[in-house]
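The structure appears right after this line, and notes come after that.
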Amino acid sequence: MDRRAFLSSAAAAALLGYMSGGQAAKAAPLGKVRELGVLRVAVYKDNRPWSWRKDGKLTGIDVDLAQALAKGLGVRADIAELVADESADDDLRNGVWKGGLLGFQPADIMLHVPFDRSFAARNDQVAIIAPYYRESFQFAAVKGEIDVNAPPTQYRGKRLAVEIDSIPDFYLIGTFGGILARDVVHFHGGTEAVTALTDGRADGALASRAQIEAVLHDSGATNIVRRTSPLPAFTSAGWDIGMAVKENSRNLGDAVETILAEMTQSGALKAIFERHGVAYAPAVAAG
Amino acid sequence: MTGRFTRSFLGAAAIALVAGAAPLLAADAAGGPTDADLMNDAASTGDVLTYGMGPQAQRFSTLNQINTDTVSKLVPAFASSLGGEKQRGQESQPLVYDGTIYVTGSYSRLYAFDSRTGEEKWEYNARLPDDIMPCCDVVNRGAAIHGDKIIFATLDARLVALNRHTGKVVWNKQIADYKAGYSATAAPLIVKGMVITGNSGGEFGIVGAVEARDVDTGELIWHRPVIEGNMGTLRGKDNGITGKLNATWQGDLYKTGGGATWLGGTYDPETNLLYFGTGNPAPWNSHLRPGDNLYTASTLAIDPETGVIKWHYQTTPHDGWDFDGVNEFIPFDATINGKPMKLGAKADRNGYFFVLDRTNGKFVSANRFVMQTTWASGYDKNGKPIVIPAGRPGAPSATEKGSTVFSSPSFLGGKNWMPMAYSKDTGLFYIPSNDWGMDIWNEPIAYKKGAAYLGAGFTIKPIAEDHIGALRAMDPRTGKIVWEYKNKAPLWGGVLSTAGNLVFTGTPEGYLKAFDAKTGKELWKFQTGSGVVGSPVTWEQDGEQYVAVMSGWGGAVPLWGGEVAKSFKDINQGGSLWVFKLAK
């Protein structure tokens with residue numbers, strides 16, 4: 001069976017807990033972390049610019065943030081790369097409260113978790129904390145090829161790069177009566193879509209703002225312009241990104257929130273984003 | 001070593017009597033099964049050499065020592081544990097050869113047990129990377145045997161050939177990149193010295209394919225993508241694109257069209273055709289990929305020599321319900337309207353039982369084998385479904401929860417992976433089916449890899465008070481259900497039919513059961529200690545008929561909760577091979 005774009009329900013998640021053969025390793029609350037001297041942090045595997053391998057070395061905004069949190073707690077960071085499952089709900093199960101089927105040990109804390117009330121409500125095995133960024137989608141194009149602020153119907157006939165099965169994909173294929181459908185070029189990720197733009201393999205790209213900014217920063221491309229007005233009938237207003245700890249690890253969560261608040265205040269958080277070419281945008285929930 | 005060289009289909013007494021011929025027999029067994037032996041597997045009762053008990057996978061044995069009169073005396077001969085902490089779903093079918101039972105286990109393990117004592121001879125544990133994401137439990141469905149090799153696929157999308165005497169690796173080939181979401185769980189098919197496999201996966205971006213490799217080296221011979229517009233290869237050279245570019249797909253969607261061939265295939269020596277089923281198209285939302293989306297949700301007939309597609313029949317055009325078309329296509333012969341025909345049958349996820357002319361793929365009939373199909377009311381005489389438009393899930397929108405559509409069968413299908421059986425005696429197909437539906441709606445707030453996306457929410461639910469599972473006897477000539485056995489929990493194991501007028505299948509409740517093949521009357525059952533989701537086999541050894549099945553609850557069903565979960569909440573995991581014979 002193919003992996004599904006379905007969400008597993010809370011009931012299914014609870015059932016998996018019930019079905020688990022062995023006792024899953026327990027993620028350590030604050031005292032245990034300090035005692036062991038290690039904070040195990042889960043980040044997504046292959047998630048540029050947040051956590052990815054550059055020339056074999058793990059790097060990215062979330063990787064730097066993980067190091068900073070461990071430093072703040074006075075411990076060493078053990079950063080574990082988690083392969084994304086079908087939904088972020090599954091990732092919380094694999095990464096935080098139960099562990100993976102093939103032996104992935106649960107982390108003390110996971111980064112890059114959507115900070116959203118309904119999402120949190122159906123994932124009550126974890127506490128979702130410390131919102132640290134506001135993400136959103138944006139359109140970018142090669143200067144002279146596309147008038148970025150024109151109605152998208154005028155993008156017709158241009159090569160439009162998107163991540164397959166993403167909101168940008170559905171938007172460009174499905175809206176305006178599908179007149180752009182034949183122009184959409186699909187990539188495995190948003191970063192690849194933006195890279196196609198800077199490589200001359202696409203005329204426009206719709207991807208996350210962080211993906212666009214990081215690729216433009218890393219490539220040094222100067223011929224790319226970004227849309228400034230909202231896309232008509234675009235359905236995602238953006239979302240906040242936070243962290244997750246196991247439900248019974250709230251004291252660890254509190255300590256992390258304190259460290260994050262200090263980093264926000266001192267500008268250390270903003271500096272991490274800038275190091276990777278991304279403009280820091282505070283989470284709406286943090287405001 | 002001597003035990004290994006005893007030809008399994010000869011009794012010990014027979015060996016003693018023909019002592020003069022023993023060296024020749026020994027050499028024969030040492031050489032292992034040939035291509036011809038594999039093709040003859042359905043007729044050779046002393047062994048089980050292929051997944052499906054013959055390349056046509058009819059799962060029918062001519063043995064009749066165990067029959068409707070004697071089955072009440074069927075008792076365990078032994079049970080062998082797979083051991084370790086790794087349990088979960090045991091969906092394997094055993095192979096039996098040369099005094100050895102070969103069986104695969106969960107987590108990509110392979111075991112050789114002595115077929116007389118149940119003692120373990122060797123085991124092989126694939127070292128799996130911890131970053132693989134199998135969608136539907138860590139199962140494996142069985143191995144293939146050829147010469148001195150026993151071959152199986154692993155969850156990290158490799159094919160491993162082991163020496164059948166020692167369990168040592170002969171070759172080990174990556175068949176796809178697990179990091180791109182590919183996996184492998186099906187039993188390989190061996191035809192004319194080639195290992196034929198499908199693929200499974202994964203993330204969006206995969207294209208289903210069928211591949212042939214040299215059984216001695218694992219080197220690729222041909223590759224045939226199953227999605228229109230993609231190029232096939234033969235011995236390293238382009239061998240024509242599949243179908244016609246952009247005929248049933250728009251833009252570049254054919255490059256990521258899905259259609260995984262994850263259940264493997266069957267082979268018919270009479271027509272010299274491979275039959276492979278293909279999975280559902282991607283992306284899931286059908287509104288974004290107008291067209292039939294060939295060749296997803298189809299049965300394909302493929303030339304084993306070249307990998308060229310000879311015919312196709314699409315069971316679910318423009319799938320929007322997740323109705324994989326991967327189910328096994330079983331060749332059989334029957335007389336339809338007074339005309340003897342070479343046919344094939346498939347019980348599809350979409351709830352219909354198809355009969356096709358296996359020489360050319362021409363539609364003969366399609367009949368419902370489940371209680372309810374909300375997506376279509378039947379098939380017209382051209383073999384096209386009469387679709388019910390209101391039964392198609394709507395297009396997603398990120399702004400609000402979409403309307404809920406009730407769909408039956410659920411996405412787990414009227415029949416899932418578990419293979420049916422065909423009895424040459426009764427002329428009936430025995431289908432392990434499930435009656436269940438699902439509520440499906442568009443989810444406004446969904447996240448994947450930390451980012452917002454458009455998802456669908458769903459709940460699977462039973463549609464009958466008294467059962468979900470139903471073993472059904474289908475007459476392929478009339479499309480009528482002759483009898484049915486209802487089971488509280490979903491059926492998830494394979495079926496075996498025998499000339500003893502018996503049909504065997506397992507239940508999640510832990511039983512292996514035997515039924516009268518003509519009437520469906522339950523004649524025997526045995527509690528194996530965990531759910532049975534494997535496929536039973538039978539063979540003759542030392543003058544006695546044996547039956548073997550794997551026990552170990554798991555697979556895709558327990559991964560999805562809801563109302564259905566109530567039917568199996570008290571079932572425990574396990575991992576054992578059970579072997580039975582008649583009490584003396």
Side-chain angles (χ1 to χ4, degrees), chain A residues 1-9 11-16 18-19 21-22 44-47 50 81-89 91 100-104 112-114 116 118-119 135 137 164-167 169-170 173-174 178 181-186 188 190 208 235-236 238-239 241, chain B residues 85 87-88 128-136 138 181 200-205 250-253 255-256 258 260 262 279-280 282-285 287-288 322 324 395-399 411 443 445-459 556 558-562 565 569 573:
Chain A
M1 185 163 86
D2 281 349
R3 286 167 61 180
R4 306 302 167 201
F6 287 131
L7 291 172
S8 55
S9 64
L15 184 80
L16 273 166
Y18 168 80
M19 290 299 294
Y44 279 113
K45 186 169 184 154
D46 192 19
N47 193 33
W50 302 95
E81 294 167 89
L82 181 73
V83 178
D85 207 331
E86 286 174 33
S87 73
D89 307 63
D91 299 333
L101 211 51
L102 273 297
F104 185 95
H112 222 77
V113 175
D116 172 299
S118 359
F119 177 74
E135 185 62 284
F137 292 112
I164 188 155
D165 194 37
S166 63
I167 288 179
D169 183 10
F170 283 20
I173 277 198
R182 282 165 207 282
D183 300 321
V184 176
V185 192
H186 292 92
H188 285 286
S208 80
T235 46
S236 172
W239 66 100
I241 294 292
Chain B
E85 294 170 351
Q87 299 198 324
R88 308 195 73 94
L128 297 173
D130 68 5
D131 56 348
I132 59 177
M133 276 292 165
C135 81
C136 314
V138 286
S200 61
E203 287 299 328
F204 287 100
Q250 67 180 16
D252 71 346
L253 285 171
K255 291 180 184 169
T256 50
W262 57 267
N280 57 297
W284 190 88
N285 174 10
H287 300 270
L288 298 180
D322 216 354
D324 272 339
S397 142
T399 46
F411 75 92
E443 192 70 65
I445 303 151
Y447 295 95
K448 188 147 80 178
K449 206 172 184 176
Y453 82 116
L454 300 169
F458 74 98
T459 337
L559 301 178
W560 314 102
K569 67 182 172 53
Q573 293 191 35

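Keep in mind that what you see is a predicted model, and the values were worked out from it rather than measured. Sequence lines set the chain letters: A, B, ... in the order given, protein chains first and strands last, and positions in each chain run from 1.
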Could I get the full list of ring pair (Phe, Tyr, Trp, His ring centres under 6.0 Å) partners for A:Phe119, not counting sequence neighbours? B:Tyr447
In terms of heavy-atom contacts, B:Leu288 and A:Phe170 come closest through CD1-CD1, 3.0 Å
Closest approach of B:Lys448 to A:Asp85 (non-hydrogen atoms, all atoms of both residues): CG-O, 4.3 Å
Using heavy-atom distances under 4.5 Å, tell me whether A:Leu101 contacts chain B through its side chain, its backbone, both, or neither. both
Which bit of A:Asp46 comes within less than 4.5 Å of chain B, counting heavy atoms only: side chain, backbone, both or neither? both
Measure from the side-chain N and O atoms of A:Trp239 to the backbone N and O of B:Gly450, and report whether any donor-acceptor pair falls under 3.5 Å. yes
Chain B interface, residue from [options] that has the most non-hydrogen pairs under 4.5 Å:
options	answer
A:Glu135, A:Lys45, A:Glu81	A:Lys45
A:Gly103, A:Ser166, A:Gly100, A:Pro114	A:Pro114
A:Asp116, A:Leu82, A:Val184, A:Asp183	A:Asp116

Distance check, rounded to the nearest 0.5 Å: A:Asp169 atom CG versus B:Leu454 atom CG? 9.5 Å
If I measure from the heavy atoms of chain A, does B:Leu128 come under 4.5 Å with its side chain, its backbone, both, or neither? side chain
